[in-house]
Asker: 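If you scroll down you'll find the structure; I have some questions about it.
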Amino acid sequence: EVIDADGLIALPGLVDLHTHLREPGREDAETVMSGSRAAALGGYTAVCAMANTDPVADTAGVVEQVWRLGQAAGLVDVRPVGAVTVGLAGERLAELGAMATSAAAVRIFSDDGHCVSDPRLMRRALEYVKAFDGVIAQHAEEPRLTVGAQLHEGELSGRLGLAGWPAVAEEAIIARDALLAGHVGSRLHICHVSTAGSVEIIRGAKRAGIRITAEVTPHHLLLTDARAESYDPVFKVNPPLRTDTDVAALRAGLAEGVIDAVATDHAPHAVEDKECEWQYARPGMLGLETALSIVMSTKSLSWDGIAERMSRVPARIAGLDGHGRDPAPGVPANLTLVDPAATWVVEPAELASLSRNTPYAGMELPGRVMATFLAGRPTVLDGKATK
Ligand code: DOR
Ligand code: ZN
Ligand code: ZN
(Lines give C-alpha, C1' and ligand atoms only; values in the text may rest on other atoms or scores of the structure.)
(Ligands and ions follow the chains in the order given, each with its own letter.)
Protein backbone atom coordinates (compact mmCIF):
# COMPACT_ATOMS: atom_id res chain seq x y z
CA GLU A 1 0.00 0.00 0.00
CA VAL A 2 1.25 3.46 -0.89
CA ILE A 3 0.66 6.30 1.56
CA ASP A 4 0.71 9.86 0.27
CA ALA A 5 2.80 11.68 2.88
CA ASP A 6 3.08 14.91 0.91
CA GLY A 7 3.26 17.80 3.38
CA LEU A 8 3.41 15.50 6.42
CA ILE A 9 6.16 15.31 9.04
CA ALA A 10 7.59 11.85 9.81
CA LEU A 11 8.55 11.37 13.45
CA PRO A 12 9.95 8.30 15.17
CA GLY A 13 7.01 6.68 17.02
CA LEU A 14 6.32 8.60 20.22
CA VAL A 15 7.18 6.97 23.56
CA ASP A 16 5.23 7.81 26.73
CA LEU A 17 7.06 7.23 30.00
CA HIS A 18 3.93 7.72 32.12
CA THR A 19 0.51 6.31 31.19
CA HIS A 20 -2.23 5.11 33.54
CA LEU A 21 -4.15 2.32 31.80
CA ARG A 22 -6.34 1.29 34.81
CA GLU A 23 -6.35 -2.43 33.96
CA PRO A 24 -6.57 -4.46 36.13
CA GLY A 25 -9.01 -2.81 38.52
CA ARG A 26 -10.79 0.13 36.89
CA GLU A 27 -11.74 -1.13 33.45
CA ASP A 28 -14.68 1.28 33.49
CA ALA A 29 -12.18 4.18 33.26
CA GLU A 30 -9.70 2.63 30.77
CA THR A 31 -8.56 -0.75 29.53
CA VAL A 32 -5.29 -1.74 27.93
CA MET A 33 -7.21 -1.89 24.63
CA SER A 34 -8.90 1.53 24.88
CA GLY A 35 -5.72 3.16 26.21
CA SER A 36 -3.68 1.55 23.41
CA ARG A 37 -6.09 2.98 20.86
CA ALA A 38 -5.82 6.45 22.43
CA ALA A 39 -2.02 6.12 22.39
CA ALA A 40 -1.84 5.09 18.72
CA LEU A 41 -4.15 7.97 17.75
CA GLY A 42 -1.82 10.31 19.64
CA GLY A 43 1.14 9.07 17.58
CA TYR A 44 2.59 6.75 20.25
CA THR A 45 4.15 3.38 19.53
CA ALA A 46 5.15 2.61 23.13
CA VAL A 47 3.69 3.47 26.53
CA CYS A 48 4.94 2.71 30.02
CA ALA A 49 1.91 1.54 32.00
CA MET A 50 2.00 2.89 35.54
CA ALA A 51 1.83 0.50 38.44
CA ASN A 52 -1.03 1.93 40.55
CA THR A 53 -3.52 -0.64 39.30
CA ASP A 54 -5.70 -2.86 41.52
CA PRO A 55 -3.98 -5.13 42.38
CA VAL A 56 -0.81 -3.02 42.33
CA ALA A 57 1.71 -4.13 39.70
CA ASP A 58 4.39 -5.36 42.11
CA THR A 59 4.55 -9.04 41.08
CA ALA A 60 5.70 -10.81 37.94
CA GLY A 61 2.12 -12.08 37.56
CA VAL A 62 0.52 -8.64 37.27
CA VAL A 63 3.16 -7.11 34.98
CA GLU A 64 3.01 -10.15 32.68
CA GLN A 65 -0.78 -9.87 32.61
CA VAL A 66 -0.59 -6.20 31.53
CA TRP A 67 2.16 -6.94 29.00
CA ARG A 68 0.13 -9.79 27.46
CA LEU A 69 -2.98 -7.60 27.23
CA GLY A 70 -0.84 -5.06 25.39
CA GLN A 71 0.45 -7.70 22.97
CA ALA A 72 -3.12 -8.90 22.34
CA ALA A 73 -4.35 -5.34 21.70
CA GLY A 74 -1.49 -5.01 19.21
CA LEU A 75 -1.68 -1.23 18.77
CA VAL A 76 1.22 -0.05 20.88
CA ASP A 77 4.10 -1.60 22.79
CA VAL A 78 2.78 -1.67 26.39
CA ARG A 79 5.69 -1.73 28.84
CA PRO A 80 4.59 -2.19 32.45
CA VAL A 81 6.21 -0.17 35.23
CA GLY A 82 6.72 -2.16 38.43
CA ALA A 83 5.86 -0.84 41.87
CA VAL A 84 8.58 -0.81 44.49
CA THR A 85 6.60 -1.95 47.48
CA VAL A 86 9.03 -1.75 50.39
CA GLY A 87 8.14 -2.68 53.94
CA LEU A 88 8.66 -0.27 56.83
CA ALA A 89 11.56 -2.36 58.07
CA GLY A 90 13.13 -1.94 54.64
CA GLU A 91 12.26 -5.45 53.52
CA ARG A 92 11.57 -5.96 49.84
CA LEU A 93 7.91 -6.82 49.33
CA ALA A 94 7.76 -6.47 45.55
CA GLU A 95 9.16 -9.11 43.20
CA LEU A 96 11.68 -6.73 41.60
CA GLY A 97 14.01 -9.32 40.09
CA ALA A 98 11.12 -11.49 38.90
CA MET A 99 9.47 -8.48 37.24
CA ALA A 100 12.76 -7.57 35.53
CA THR A 101 13.31 -11.09 34.16
CA SER A 102 9.63 -11.71 33.30
CA ALA A 103 8.25 -11.47 29.76
CA ALA A 104 7.37 -7.85 30.63
CA ALA A 105 11.12 -7.10 31.14
CA VAL A 106 10.42 -4.27 33.61
CA ARG A 107 13.11 -1.58 33.83
CA ILE A 108 11.22 1.32 35.39
CA PHE A 109 10.11 0.96 38.99
CA SER A 110 7.83 3.53 40.48
CA ASP A 111 7.67 4.44 44.14
CA ASP A 112 3.90 4.88 43.80
CA GLY A 113 3.65 6.57 47.12
CA HIS A 114 5.14 3.69 49.07
CA CYS A 115 8.52 5.15 49.89
CA VAL A 116 8.33 8.88 49.30
CA SER A 117 7.97 9.61 52.98
CA ASP A 118 10.99 7.66 54.19
CA PRO A 119 14.50 8.19 52.83
CA ARG A 120 15.61 4.78 54.17
CA LEU A 121 13.08 3.10 51.93
CA MET A 122 14.04 5.18 48.92
CA ARG A 123 17.69 4.29 49.50
CA ARG A 124 16.78 0.59 49.60
CA ALA A 125 14.76 0.89 46.42
CA LEU A 126 17.65 2.60 44.61
CA GLU A 127 20.03 -0.14 45.78
CA TYR A 128 17.70 -2.94 44.64
CA VAL A 129 17.28 -1.70 41.07
CA LYS A 130 20.94 -0.81 40.57
CA ALA A 131 21.75 -4.51 40.10
CA PHE A 132 19.93 -4.69 36.74
CA ASP A 133 20.34 -1.04 35.70
CA GLY A 134 16.72 -0.29 36.48
CA VAL A 135 15.53 3.19 37.26
CA ILE A 136 13.31 4.49 40.05
CA ALA A 137 10.53 6.80 38.85
CA GLN A 138 9.83 9.20 41.71
CA HIS A 139 6.56 11.13 41.96
CA ALA A 140 8.29 13.73 44.15
CA GLU A 141 5.75 14.58 46.81
CA GLU A 142 6.54 15.07 50.50
CA PRO A 143 3.16 13.92 51.87
CA ARG A 144 3.57 15.72 55.18
CA LEU A 145 3.58 19.00 53.24
CA THR A 146 0.52 18.15 51.11
CA VAL A 147 -2.02 17.05 53.73
CA GLY A 148 -5.46 17.96 52.38
CA ALA A 149 -3.92 19.86 49.45
CA GLN A 150 -6.44 20.82 46.76
CA LEU A 151 -4.41 23.01 44.41
CA HIS A 152 -1.13 24.96 44.11
CA GLU A 153 -0.30 26.84 47.30
CA GLY A 154 -0.40 30.46 46.27
CA GLU A 155 -2.57 33.52 45.98
CA LEU A 156 -5.57 31.56 44.67
CA SER A 157 -5.50 28.82 47.33
CA GLY A 158 -5.39 31.56 49.97
CA ARG A 159 -8.30 33.42 48.45
CA LEU A 160 -10.41 30.27 48.06
CA GLY A 161 -9.52 29.10 51.57
CA LEU A 162 -8.30 25.69 50.34
CA ALA A 163 -5.24 23.82 51.58
CA GLY A 164 -2.41 24.31 49.08
CA TRP A 165 0.31 22.05 47.65
CA PRO A 166 3.48 24.12 48.02
CA ALA A 167 6.27 23.97 45.43
CA VAL A 168 8.64 22.94 48.22
CA ALA A 169 6.72 19.66 48.74
CA GLU A 170 8.00 18.63 45.31
CA GLU A 171 11.40 20.29 45.42
CA ALA A 172 12.40 18.90 48.84
CA ILE A 173 11.93 15.32 47.62
CA ILE A 174 13.76 15.92 44.33
CA ALA A 175 16.74 17.41 46.19
CA ARG A 176 16.79 14.62 48.76
CA ASP A 177 16.46 11.80 46.26
CA ALA A 178 18.97 13.29 43.83
CA LEU A 179 21.49 13.22 46.67
CA LEU A 180 20.50 9.65 47.57
CA ALA A 181 20.80 8.51 43.95
CA GLY A 182 24.23 10.13 43.78
CA HIS A 183 25.24 8.38 46.99
CA VAL A 184 24.04 4.97 45.82
CA GLY A 185 25.13 5.48 42.20
CA SER A 186 21.74 4.51 40.78
CA ARG A 187 19.51 6.07 38.16
CA LEU A 188 16.64 8.27 39.30
CA HIS A 189 13.82 9.59 37.11
CA ILE A 190 11.62 12.44 38.31
CA CYS A 191 7.98 12.21 37.24
CA HIS A 192 5.88 15.23 36.22
CA VAL A 193 8.17 18.10 37.27
CA SER A 194 5.95 21.13 37.88
CA THR A 195 7.96 23.99 39.41
CA ALA A 196 10.72 26.40 38.39
CA GLY A 197 12.64 25.42 41.53
CA SER A 198 12.58 21.75 40.52
CA VAL A 199 14.16 22.63 37.16
CA GLU A 200 17.01 24.39 38.98
CA ILE A 201 17.59 21.47 41.38
CA ILE A 202 17.70 18.99 38.47
CA ARG A 203 20.07 21.25 36.55
CA GLY A 204 22.41 21.34 39.56
CA ALA A 205 22.18 17.58 40.11
CA LYS A 206 23.08 16.91 36.47
CA ARG A 207 26.04 19.28 36.72
CA ALA A 208 27.19 17.33 39.77
CA GLY A 209 27.19 14.12 37.70
CA ILE A 210 24.16 12.51 39.36
CA ARG A 211 22.33 10.04 37.07
CA ILE A 212 19.02 11.89 37.07
CA THR A 213 16.42 12.34 34.32
CA ALA A 214 13.09 14.17 34.41
CA GLU A 215 9.80 14.47 32.57
CA VAL A 216 7.18 17.22 32.24
CA THR A 217 3.53 16.80 31.23
CA PRO A 218 1.84 18.69 28.39
CA HIS A 219 -0.65 20.20 30.87
CA HIS A 220 2.10 21.64 33.06
CA LEU A 221 3.61 23.19 29.91
CA LEU A 222 0.33 24.94 29.02
CA LEU A 223 -2.08 25.49 31.93
CA THR A 224 -1.79 27.45 35.18
CA ASP A 225 -3.59 27.37 38.53
CA ALA A 226 -5.79 30.23 37.33
CA ARG A 227 -7.94 27.45 35.81
CA ALA A 228 -8.80 26.22 39.33
CA GLU A 229 -10.77 29.42 39.91
CA SER A 230 -13.57 27.87 37.83
CA TYR A 231 -13.81 25.03 40.39
CA ASP A 232 -14.10 22.68 37.41
CA PRO A 233 -12.59 19.40 38.69
CA VAL A 234 -11.23 18.64 35.22
CA PHE A 235 -8.37 20.97 36.21
CA LYS A 236 -7.61 19.06 39.42
CA VAL A 237 -4.35 17.13 39.00
CA ASN A 238 -1.32 15.94 40.97
CA PRO A 239 1.02 17.75 41.06
CA PRO A 240 -1.25 20.78 40.68
CA LEU A 241 -1.22 23.33 37.88
CA ARG A 242 1.28 26.04 38.89
CA THR A 243 2.05 29.65 37.88
CA ASP A 244 3.09 31.50 34.71
CA THR A 245 6.66 31.65 36.06
CA ASP A 246 6.71 27.87 36.49
CA VAL A 247 5.29 27.29 33.00
CA ALA A 248 7.98 29.50 31.47
CA ALA A 249 10.74 27.69 33.40
CA LEU A 250 9.40 24.26 32.41
CA ARG A 251 9.31 25.23 28.72
CA ALA A 252 12.86 26.62 28.88
CA GLY A 253 14.09 23.58 30.82
CA LEU A 254 12.59 21.24 28.22
CA ALA A 255 14.06 23.15 25.28
CA GLU A 256 17.46 23.13 26.98
CA GLY A 257 17.29 19.42 27.85
CA VAL A 258 17.46 19.88 31.64
CA ILE A 259 14.05 18.21 31.45
CA ASP A 260 14.65 15.16 29.31
CA ALA A 261 11.20 14.16 28.12
CA VAL A 262 7.53 15.00 27.75
CA ALA A 263 5.35 12.36 29.43
CA THR A 264 1.55 12.50 29.47
CA ASP A 265 0.55 11.24 32.96
CA HIS A 266 -2.60 10.16 31.07
CA ALA A 267 -4.97 9.67 34.02
CA PRO A 268 -8.43 8.52 32.93
CA HIS A 269 -11.19 8.81 35.52
CA ALA A 270 -14.80 7.62 35.45
CA VAL A 271 -17.47 10.31 35.21
CA GLU A 272 -18.56 9.92 38.86
CA ASP A 273 -14.97 10.49 40.01
CA LYS A 274 -14.72 13.79 38.11
CA GLU A 275 -18.22 15.24 37.87
CA CYS A 276 -18.55 16.03 41.56
CA GLU A 277 -17.36 18.77 43.87
CA TRP A 278 -13.72 19.80 43.48
CA GLN A 279 -12.74 18.44 46.92
CA TYR A 280 -14.06 14.96 46.16
CA ALA A 281 -12.82 14.69 42.57
CA ARG A 282 -9.88 12.42 41.80
CA PRO A 283 -6.78 14.16 40.46
CA GLY A 284 -5.70 13.58 36.88
CA MET A 285 -6.30 14.43 33.21
CA LEU A 286 -6.38 12.58 29.91
CA GLY A 287 -3.26 13.17 27.85
CA LEU A 288 -2.45 10.63 25.14
CA GLU A 289 -4.64 11.94 22.32
CA THR A 290 -3.74 15.61 22.80
CA ALA A 291 -0.07 15.52 23.92
CA LEU A 292 1.60 16.21 20.58
CA SER A 293 -0.83 19.00 19.69
CA ILE A 294 -0.43 20.64 23.11
CA VAL A 295 3.37 20.52 22.86
CA MET A 296 3.13 22.00 19.35
CA SER A 297 0.84 24.75 20.66
CA THR A 298 3.46 25.84 23.20
CA LYS A 299 5.97 26.41 20.38
CA SER A 300 8.78 25.43 22.76
CA LEU A 301 10.32 22.67 20.61
CA SER A 302 11.44 22.32 16.97
CA TRP A 303 10.44 19.15 15.10
CA ASP A 304 13.80 17.65 15.97
CA GLY A 305 13.24 18.71 19.57
CA ILE A 306 9.87 16.92 19.53
CA ALA A 307 11.50 13.76 18.11
CA GLU A 308 14.15 13.97 20.80
CA ARG A 309 11.96 14.76 23.84
CA MET A 310 8.89 12.68 22.91
CA SER A 311 10.58 9.68 21.32
CA ARG A 312 14.35 9.14 21.33
CA VAL A 313 15.15 10.20 24.89
CA PRO A 314 12.14 8.56 26.59
CA ALA A 315 12.96 5.36 24.65
CA ARG A 316 16.47 5.50 26.06
CA ILE A 317 15.25 6.14 29.61
CA ALA A 318 12.82 3.20 29.39
CA GLY A 319 15.45 0.93 27.80
CA LEU A 320 13.20 0.30 24.77
CA ASP A 321 14.98 -1.25 21.83
CA GLY A 322 13.64 -0.36 18.41
CA HIS A 323 11.72 2.69 19.56
CA GLY A 324 12.82 6.29 19.34
CA ARG A 325 14.90 5.72 16.23
CA ASP A 326 14.56 7.19 12.82
CA PRO A 327 13.39 4.44 10.50
CA ALA A 328 16.37 2.67 8.94
CA PRO A 329 16.18 0.74 5.66
CA GLY A 330 15.07 -2.85 6.20
CA VAL A 331 14.04 -2.39 9.84
CA PRO A 332 10.26 -2.43 10.49
CA ALA A 333 9.59 1.14 11.55
CA ASN A 334 7.90 2.57 14.60
CA LEU A 335 6.87 5.89 13.19
CA THR A 336 4.17 8.50 13.07
CA LEU A 337 3.08 10.89 10.32
CA VAL A 338 1.78 14.30 11.41
CA ASP A 339 -0.02 16.94 9.39
CA PRO A 340 1.56 20.13 10.75
CA ALA A 341 -0.93 22.40 8.96
CA ALA A 342 -4.13 20.68 10.13
CA THR A 343 -6.07 21.80 13.19
CA TRP A 344 -8.78 19.96 15.11
CA VAL A 345 -11.28 20.67 17.86
CA VAL A 346 -11.21 18.44 20.94
CA GLU A 347 -14.61 16.77 21.33
CA PRO A 348 -14.56 14.63 24.51
CA ALA A 349 -17.21 12.25 23.12
CA GLU A 350 -14.99 11.48 20.14
CA LEU A 351 -11.91 10.45 22.13
CA ALA A 352 -10.91 6.78 22.03
CA SER A 353 -10.25 6.79 25.76
CA LEU A 354 -13.13 5.37 27.83
CA SER A 355 -12.92 8.48 30.01
CA ARG A 356 -13.85 12.07 29.18
CA ASN A 357 -11.68 14.13 31.56
CA THR A 358 -9.80 16.24 29.03
CA PRO A 359 -9.06 19.82 30.09
CA TYR A 360 -9.01 20.84 26.41
CA ALA A 361 -12.69 20.25 25.49
CA GLY A 362 -13.76 22.61 22.71
CA MET A 363 -10.24 23.91 22.10
CA GLU A 364 -8.87 24.12 18.57
CA LEU A 365 -5.42 22.52 18.52
CA PRO A 366 -2.67 22.47 15.90
CA GLY A 367 -1.28 19.29 14.31
CA ARG A 368 -3.06 16.07 13.48
CA VAL A 369 -1.65 12.53 13.65
CA MET A 370 -2.53 11.04 10.26
CA ALA A 371 -0.81 7.65 10.52
CA THR A 372 1.08 5.57 13.07
CA PHE A 373 3.12 2.43 12.35
CA LEU A 374 4.06 -0.17 14.94
CA ALA A 375 6.87 -2.42 13.69
CA GLY A 376 5.94 -1.54 10.12
CA ARG A 377 2.21 -2.23 10.46
CA PRO A 378 -0.30 0.64 10.49
CA THR A 379 -2.16 1.21 13.78
CA VAL A 380 -3.62 4.51 12.56
CA LEU A 381 -4.48 5.41 8.93
CA ASP A 382 -6.20 8.60 7.76
CA GLY A 383 -6.40 9.67 11.38
CA LYS A 384 -8.39 6.56 12.40
CA ALA A 385 -7.31 3.54 14.45
CA THR A 386 -7.03 0.37 12.37
CA LYS A 387 -8.80 -1.63 15.12
O1 DOR B 1 -3.09 13.47 38.84
C2 DOR B 1 -2.61 12.35 38.93
N3 DOR B 1 -3.35 11.25 38.74
N4 DOR B 1 -1.32 12.22 39.25
C5 DOR B 1 -0.76 11.01 39.49
O6 DOR B 1 0.42 10.94 39.70
C7 DOR B 1 -1.61 9.81 39.55
C8 DOR B 1 -2.73 9.96 38.63
C9 DOR B 1 -3.77 8.89 38.72
O10 DOR B 1 -3.43 7.71 38.89
O11 DOR B 1 -4.95 9.22 38.58
ZN1 ZN C 1 2.41 10.99 40.05
ZN1 ZN D 1 0.82 9.37 37.25
Side-chain angles (χ1 to χ4, degrees), residues 16-32 35 38-39 47-57 66 79-84 108-117 122 135-143 145-146 149-152 165 169-171 173-174 177 188-195 198 214-223 225 227-228 232-242 261-274 276 278-288 291 314 318 353-359:
D16 192 16
L17 287 170
H18 194 145
T19 309
H20 296 274
L21 290 176
R22 306 298 189 213
E23 187 174 6
R26 282 308 298 264
E27 291 84 350
D28 56 325
E30 200 78 289
T31 61
V32 172
V47 299
C48 299
M50 292 309 285
N52 63 340
T53 48
D54 183 12
V56 168
V66 172
R79 306 303 297 257
V81 170
V84 180
I108 303 180
F109 295 86
S110 141
D111 70 286
D112 267 287
H114 291 282
C115 48
V116 277
S117 55
M122 181 48 96
V135 58
I136 297 283
Q138 166 60 277
H139 290 250
E141 172 189 356
E142 168 49 77
L145 291 173
T146 60
Q150 294 292 331
L151 75 167
H152 171 64
W165 177 313
E170 174 173 313
E171 294 155 3
I173 294 289
I174 297 176
D177 289 352
L188 175 70
H189 177 73
I190 308 297
C191 297
H192 43 53
V193 168
S194 73
T195 79
S198 297
E215 67 185 37
V216 63
T217 70
H219 47 272
H220 288 109
L221 289 171
L222 184 70
L223 306 173
D225 74 329
R227 308 305 283 265
D232 183 343
V234 81
F235 296 111
K236 183 171 175 179
V237 64
N238 288 352
L241 300 175
R242 302 290 189 181
V262 176
T264 67
D265 201 6
H266 179 79
H269 287 298
V271 168
E272 66 269 23
D273 292 325
K274 271 304 200 185
C276 53
W278 178 282
Q279 291 93 305
Y280 306 115
R282 299 228 178 142
M285 303 174 165
L286 298 182
L288 287 169
S353 171
L354 292 183
S355 291
R356 296 288 167 254
N357 53 307
T358 174

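Counting starts at 1 for both ligands and their atoms, following the listed order.
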Asker: What distance do Arg227 atom CZ and Asp232 atom CG have between them, rounded to the nearest 0.5 Å?
Answerer: 9.0 Å
Asker: Looking only at heavy atoms, which two atoms of Val234 and Thr358 are closest? And how far apart?
Answerer: CG2-O, 3.4 Å
Asker: Do His152 and Arg242 pair up side chain to side chain, a donor and an acceptor below 3.5 Å, judged on atom types alone?
Answerer: yes
Asker: CD of Glu171 to OG of Ser198: how many Å apart, nearest 0.5 Å?
Answerer: 4.5 Å
Asker: Below 4.0 Å from any atom of ligand 1, which residues have a heavy atom? Give them in chain and number order, please.
Answerer: His20, Arg22, Asn52, His139, His192, Val237, Asn238, Asp265, Ala267, His269, Pro283, Gly284
Asker: Confirm or rule out an N/O/S atom of His20, from backbone or side chain, lying less than 2.8 Å from the Zn ion (ligand 3).
Answerer: yes
Asker: Tell me the closest heavy-atom pair linking Val47 and Ala39, and the distance in Å.
Answerer: CG1-CB, 3.8 Å
Asker: Can you tell me the N, O or S atom of His18 that's nearest the Zn ion (ligand 3)?
Answerer: NE2
Asker: Of all N/O/S atoms in Asp265, which lies nearest to the Zn ion (ligand 3)?
Answerer: OD1
Asker: For a side-chain contact (heavy atoms from CB on, under 4.5 Å) check, start with the C-alpha distance between His18 and Glu215, then their side-chain angles and the critical distance, and finish with the verdict.
Answerer: CA-CA 9 Å; His18 194 145; Glu215 67 185 37; 2.8 Å; yes
Asker: Check whether any side-chain N or O of Asp177 sits under 3.5 Å from a backbone N or O of Met122 as a donor-acceptor pair, and report yes or no.
Answerer: no
Asker: Vertex the Zn ion (ligand 2): angle to NE2 of His192 and ND1 of His139, to 10°?
Answerer: 110°
Asker: Compute whether any side-chain donor of one residue and acceptor of the other, for His266 and Asp16, lie under 3.5 angstrom apart.
Answerer: no
